Amino acid sequence: MNKVMSNKLFIAFYIAPALLMITILIFIPLILSGYYGLMDWDGIGAKTFIGLENYIAGVQDKLFWNSALHSFLLAIFSTLSLAVYLLVSFILASKIKGSDFLRKIYLIPMLLSSVAIAQLWVKMYNPSNGMLNAFLKLIGVENPPSWLANPDIVLYAIFIPILWQYAGFYILIYYAALKNIPESLIEAARIDGASASQIALRIKLPLIKEVVSVTIVLAIVGSLKYFDLIYVMTAGGPNGASEVMASYMYKLAFSSYNFGYGSAIGFLLLIITLIVTFIIRKVTETKERIEY
Amino acid sequence: MKRFGYFFLYLSLIAVALFQILPLIWLFFFSLKSNAEIFAGSPFSLPTQFRWENYQKVWDGGIATYFFNSVWITVVAIILTVLFASMAAFAITRMRWKLSGLVLGLFMIGLMIPIHSALIPLYSMFLSVNLIDNPLAIVLTYTAYNLPITLMILLGFYYTLPHEIEEAAIIDGCSVHRMFFRIILPMTTPIMATTIVINMIYNWNEFVFVNTFISSEKYKTLTVGIQNFIGQYMTDWGAIGATLIISVLPIIIAFIFFSNKVVEGISSSAVKG
């Protein structure tokens with residue numbers, strides 16, 4: 001038994017396909033990204049080694065930090081919205097009829113492609129025929145803004161569909177966690193005279209703390225990597241007002257053919273993501289694992 | 001008082017539901033309207049007659065090619081991902097070797113990395129082996145990038161399988177391959193179904209790889225194809241609406257049939273992360 005299950009040839013046979021794929025298509029490119037960042041390279045011609053020049057330029061690049069600021073703003077908004085999702089899941093999990101159905105309705109936007117969502121919301125925001133301004137005019141707003149053309153508003157206008165897209169996802173996770181809490185615990189608290197809000201804040205919330213911390217990591221890291229919807233809706237415009245780190249990198253490489261510099265920015269994006277992940281993991285880490 | 005409270009709670013839940021679903025319903029309605037109705041009428045009005053010809057028009061106009069590309073690329077990548085991830089889960093959870101923890105760690109790191117950081121090197125790698133503008137590049141990247149999440153969803157299930165299965169099979173003289181393909185793999189059907197649906201959602205909706213690696217119209221998938229398509233029909237909102245509805249329909253249908261699998265996949269992939 002032991003002999004068969006530790007036969008090296010068999011192990012290699014089962015692990016090799018997956019391991020080779022992630023090594024060749026994920027890890028080697030990541031390392032290459034750091035390496036290409038050291039080159040002056042247009043993607044087609046010869047690479048010229050220029051040392052850390054691209055990285056130094058990246059750290060001093062106002063446009064890059066501007067896009068990083070937008071990514072961080074998205075991260076903050078996503079994290080704050082978690083409180084709303086948490087509240088909705090609390091209501092949903094409090095033995096309400098039809099919660100199953102509602103939960104599935106909430107999830108639908110998450111299933112759609114970013115391109116479809118982007119196109120849909122571009123139409124929603126359309127100043128003359130879009131649903132949003134039609135609604136605003138209906139309730140008496142005389143001159144609703146042209147959402148995606150105004151550099152002061154565009155970033156926040158883009159956040160709405162992103163939050164819309166992921167709302168159901170987080171509600172689903174919180175709901176599953178709340179449903180996992182044994183009924184006996186809640187019953188005991190009720191007998192001891194705890195009110196509904198006390199039960200929610202003092203008992204349920206601490207019990208799902210670990211799940212909440214996972215969602216914070218997901219929301220922040222997801223925001224830092226965010227790309228598709230912004231690229232399709234505004235391509236970072238107008239005039240860089242909605243540029244994020246990933247869209248800036250994409251533009252450098254595949255519109256300006258600045259592959260060396262783009263790689264350096266891509267590598268900085270990787271480092272920032274890993275550092276932020278590490279920090280929030282450390283901060284939100286729960287010491288004791290909760291067992292029911 | 002209590003009744004009033006419940007009423008208020010319901011109201012807020014329904015308000016959230018409306019916010020989530022209303023844009024889609026609006027999209028569906030304008031896909032059935034003519035331009036005159038869209039531009040002159042109120043955005044909230046129903047179509048006067050259902051113009052299904054909008055759908056016919058965009059389907060014949062070239063959407064069909066993108067649609068079938070999406071179908072076969074999604075299916076092939078799912079088969080490869082689920083097969084390779086199942087084999088890896090088997091090797092990691094059932095077989096005994098020193099480096100299994102390290103290899104598992106590598107897959108877990110794969111979950112965190114931003115794909116954009118790997119995009120430029122992937123592009124130049126595919127360019128050097130002549131895979132740019134070749135659907136194989138897409139199938140390979142989808143497979144690789146979905147492996148970590150698929151493996152993670154599978155692992156929990158593999159850990160719960162009793163070890164007596166292998167013992168009995170080996171005592172009966174069964175080979176390892178036969179055990180995996182004939183005994184273990186069929187036992188994991190429920191969790192495989194979950195990973196298949198999750199992979200389907202990811203592959204069907206993927207944008208950036210296709211947008212970067214594919215340039216020929218004949219190889220484009222729906223997500224990228226509809227971008228140009230919408231450019232063509234710039235002002236024909238009915239046609240744009242129909243295009244978008246066609247692109248989201250397969251996922252919505254899959255969700256109606258397999259919503260429990262989707263829910264299971266999403267919650268297990270997130271909570272274990």
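Quick caveat: nothing in here was measured; it's all calculated off a predicted structure. Chain A is the first sequence line, chain B the second, and so forth, proteins listed ahead of strands; every chain is numbered from 1. Because only heavy atoms are used, hydrogens play no part in the values below, and waters and symmetry mates are left out as well, while side chains stay in.
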Please give me the minimum heavy-atom distance between [X] and [Y], naming the atom from each residue.
X: Met5(A); Y: Arg94(B); value: CE-O, 3.5 Å
X: Met21(A); Y: Ala144(B); value: O-CB, 3.8 Å
X: Ile120(B); Y: Phe259(A); value: CG2-CD2, 3.2 Å
X: Lys123(A); Y: Trp26(B); value: O-CH2, 3.4 Å
X: Gln20(B); Y: Gly168(A); value: NE2-N, 4.1 Å

Query raised in the report: Would a line drawn from the ring center of Tyr14(A) to the ring center of His177(B) be shorter than 6.0 Å?
Result: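 That pair passes the under 6.0 Å test.
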Would you check if [X] and [Y] make a side-chain contact, meaning some heavy-atom pair closer than 4.5 Å?
X: Val88(A); Y: Leu13(B); answer: yes
X: Leu19(A); Y: Leu106(B); answer: yes
X: Ile91(A); Y: Phe8(B); answer: no
X: Tyr175(A); Y: Val263(B); answer: no
X: Asn126(A); Y: Trp237(B); answer: yes
X: Val115(A); Y: Val224(B); answer: no

Report task. Output the distance between atom CD1 (Ile226(B)) and atom OG (Ser113(A)), rounded to the nearest 0.5 Å. Result ->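 Atom-to-atom, Ile226(B):CD1 and Ser113(A):OG are 5.0 Å apart.
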Report task. Calculate, to the nearest 0.5 Å, the distance between atoms CD1 and CE belonging to Ile15(A) and Met95(B) respectively. Result ->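 Answer for the CD1-CE pair, Ile15(A) versus Met95(B), is 10.0 Å.
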Between [X] and chain A, which part of the residue has a heavy atom less than 4.5 Å away: side chain, backbone, both or neither?
X: Phe207(B); answer: both
X: Val103(B); answer: side chain
X: Thr223(B); answer: both
X: Thr212(B); answer: both
X: Phe107(B); answer: both
X: Leu140(B); answer: both

Query - Inter- and intrachain pairs under side chain to side chain donor-acceptor pair (under 3.5 Å), touching residues 19-37 of chain A, at least two apart - result: Tyr36(A)-Ser124(B)
As an exercise: rank [options] by heavy-atom pairs under 4.5 Å with chain A and give me the winner.
options: Ile201(B), Val248(B), Ile113(B); value: Ile113(B)
options: Ser100(B), Ala91(B), Ser117(B), Ser86(B); value: Ser117(B)
options: Ile252(B), Val262(B), Asn211(B); value: Asn211(B)
options: Ser175(B), Ala17(B), Ala169(B); value: Ala17(B)

Report summary line: For Thr273(A), the side-chain hydrogen bond (donor to acceptor under 3.5 Å, both in side chains) test, sequence neighbours excluded, returns none
Query raised in the report: Among Leu224(A), Leu274(A), Leu30(A), Leu269(A), which residue meets the side chain to side chain contact (heavy atoms under 4.5 Å, CB included) test with Pro114(B)?
Result: Leu269(A)
Report task. Please work out whether the ring planes of Tyr123(B) and Phe254(A) are parallel, tilted or perpendicular, with thresholds of 30° and 60°. Result -> perpendicular
Report task. Among Ile44(A), Val221(A), Leu107(A), single out the residue with the greatest number of heavy-atom pairs under 4.5 Å to chain B. Result ->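 Most heavy-atom pairs under 4.5 Å with chain B: Leu107(A).
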Query raised in the report: Would you say Leu11(B) has more than 12 foreign heavy atoms packed within less than 6.0 Å of its CG?
Result: yes
